[in-house]
Protein chains: 2
Amino acid sequence: MLNNKVLLKDSCFKITSTRLAILEVFNKNDKPIDANFIYKKLKEGINEVTIYRTLTSFEKSGILRKVDLRKDSVYFELNNDHHHHIVCIKCGIIEDFKENKEIEKLLDQVVEKSTKFKNIKEHSLELFGFCKVCN
Amino acid sequence: MLNNKVLLKDSCFKITSTRLAILEVFNKNDKPIDANFIYKKLKEGINEVTIYRTLTSFEKSGILRKVDLRKDSVYFELNNDHHHHIVCIKCGIIEDFKENKEIEKLLDQVVEKSTKFKNIKEHSLELFGFCKVCN
DNA sequence: TTTTTTGCAAAAGGTTTGCAACACG
DNA sequence: CGTGTTGCAAACCTTTTGCAAAAAA
């Protein structure tokens, strides 16, 4: 995909088939993804170590962001539209919900009141419960 | 501490010196704590495996709750007053902030709009940035 | 005494590191 | 061609599991 090449270039990454393949996995699967998921999708011709290294560098450059899902591995998402998740404790199903002005405003107020911080870079906000099926 | 014995009894745990020691670590250190922190504090006379097992059972029973700090190990806090954290990405310093009515109201609205969930059990809300010293 | 809890050893996952070979630009 | 990237092997770190010994009620 052309966009991914631009994305890599804009972040000063060399364009490699490995990186494009990993980005495609994110494009095609609109949900939080961990290293193992990518590995299972790409299996042939890619090394797990490379996946970990790529995820780390993509996160540092801002292409990806971490998502805290309380699982044993680290999950990432494309750092596009800002949203959060509701996660089923039992079956693991995930529903997204959008970040909104009210949430932003509340968090701004929190930071204003803070003594040790004057601005924040990111935040996690994930809900955990039983979905209607599991409940 | 007497309170901890009551706490254990109320959760139907047998009262053991190991469990009391672990609870004391939480009492004396008012911050999120991981297994290794407890191990370093108690070193003699306690096994790491026991710490993991205790943390897990304390969380299940509601004595502790998990905190998502984006570190490599799992952190816990006493499940007392509901609050969240602002974490410095560089030095790791943590500032607490209280859960409030507005936040609760916003989350209720999120769940109302949800198609797959009708109520949630818990949520994470942690802010990440550089503290005034590191910034 | 009975059931739960703990310790020990070992293994299981996930992730990281060092180094040499490779490939993008 | 030179530097950034990848693969491989090995190590690392956190956490889990099985089983026998120890302790709480």
Side-chain angles (χ1 to χ4, degrees), chain A residues 1-2 4-25 32-61 63-77 92, chain B residues 1-2 4-25 32-61 63-77 92:
Chain A
M1 205 185 250
L2 185 67
N4 288 337
K5 292 192 181 177
V6 176
L7 186 60
L8 289 174
K9 223 163 198 173
D10 286 352
S11 297
C12 300
F13 284 114
K14 288 193 175 175
I15 291 160
T16 68
S17 57
T18 302
R19 286 180 176 145
L20 290 172
I22 291 175
L23 286 176
E24 287 253 319
V25 174
I33 285 173
D34 68 346
N36 187 253
F37 181 90
I38 297 170
Y39 184 62
K40 281 183 296 184
K41 289 282 175 192
L42 302 180
K43 215 132 200 169
E44 1 252 302
I46 196 163
N47 186 286
E48 275 189 289
V49 174
T50 304
I51 298 174
Y52 283 106
R53 277 194 281 230
T54 305
L55 291 174
T56 303
S57 60
F58 280 3
E59 197 224 350
K60 275 196 191 127
S61 77
I63 293 178
L64 297 176
R65 65 166 171 267
K66 272 191 191 172
V67 185
D68 299 317
L69 295 184
R70 300 196 181 172
K71 309 213 175 172
D72 343 293
S73 53
V74 180
Y75 283 71
F76 297 87
E77 269 188 337
Chain B
M1 206 185 247
L2 184 65
N4 287 337
K5 292 192 180 177
V6 176
L7 185 60
L8 289 174
K9 225 165 199 172
D10 286 351
S11 297
C12 301
F13 284 115
K14 290 192 175 177
I15 291 159
T16 68
S17 57
T18 301
R19 287 180 175 146
L20 290 172
I22 291 176
L23 286 176
E24 287 253 319
V25 173
I33 285 172
D34 69 346
N36 187 253
F37 182 90
I38 297 171
Y39 183 62
K40 282 184 295 184
K41 289 282 174 191
L42 302 180
K43 215 135 201 169
E44 2 250 302
I46 196 164
N47 186 287
E48 274 189 290
V49 174
T50 305
I51 298 174
Y52 284 105
R53 277 194 281 232
T54 306
L55 290 174
T56 302
S57 60
F58 280 4
E59 197 224 349
K60 275 196 192 128
S61 76
I63 293 177
L64 297 176
R65 66 166 171 266
K66 272 191 191 171
V67 185
D68 299 318
L69 296 183
R70 299 194 182 173
K71 310 213 175 172
D72 340 295
S73 53
V74 181
Y75 283 72
F76 296 88
E77 270 188 338

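Numbered from 1 within each chain, the chains take letters A, B, ... in sequence-line order.
One atom, CZ of B:R53, and another, P of C:dT5, lie 11 Å apart when rounded to the nearest Å. When the C1' atom of C:dT4 is taken as reference, atom CZ of B:F58 falls 14 Å away, rounded to whole Å. Summarising the geometry, the separation between NZ on A:K9 and P on C:dC24 is reported as 13 Å, rounded to the nearest angstrom. Rounded to an integer number of Å, the gap from CD1 of A:I22 to C1' of D:dT6 is 11 Å. Between A:K40 atom NZ and C:dG14 atom P the separation is 9 Å, expressed in whole Å. Atom-to-atom, CG of B:L42 to P of C:dG7 comes out at 11 Å; the value is rounded to the nearest Å. As a whole-Å value, the separation of A:K71 NZ from D:dT16 P is 16 Å. For the pair A:I46 CD1 and D:dC8 C1', the interatomic distance rounds to 14 Å; values are reported in whole Å.
Residue A:T50 has its side chain nearest to D:dT6 when only C:dG14, D:dT6, D:dG4 are considered. Considering only the side chain of A:T16, D:dT5 comes nearest among D:dT5, C:dT16, C:dT6. Between C:dC8, C:dT16, D:dT3, one nucleotide has an atom nearer to the side chain of A:K14 than all others, and that is D:dT3. Comparing atom distances between the B:I15 side chain and each of D:dT15, D:dA25, C:dT16 picks out D:dA25 as nearest.
B:F58 has its side chain within reach of B:F13: a pair of non-hydrogen atoms, C-beta onward, lies under 4.5 Å apart.
If A:D34 and B:E48 are placed on DNA chain C by their nearest nucleotide, the residue sitting closer to the 5' end is B:E48. The residue among B:F13 and B:N36 whose nearest nucleotide of DNA chain D lies closer to the 5′ end is B:N36. In terms of position on DNA chain C, the residue among B:S17 and B:D72 whose nearest nucleotide sits closer to the 5' end is B:S17.
Annotation for A:K71: atom NZ counts as buried by contact number, over 12 foreign heavy atoms lying within 6.0 Å. In B:D72, the CG atom is not crowded: 12 or fewer heavy atoms of neighbouring residues, nucleotides or ligands sit closer than 6.0 Å.
Between C:dG14 and A:S73, no contact under 4.0 Å exists linking OP1 or OP2 to a side-chain N or O. OP1 or OP2 of C:dT15 has at least one side-chain nitrogen or oxygen of A:Y52 nearer than 4.0 Å. Between B:N47 and the phosphate of C:dC8, there is a side-chain N or O to OP1/OP2 separation shorter than 4.0 Å.
Within 4.0 Å of A:R19, counting heavy atoms only, lie sugar-phosphate atoms of the nucleic acid but no base atom.
Counting all heavy atoms, side chain and backbone alike, A:K14 lies closest to A:R19 at O-NH1, 2.9 Å.
A:S11 contributes no side-chain N or O that, together with a main-chain N or O of A:L8, makes up a donor-acceptor pair within less than 3.5 Å.
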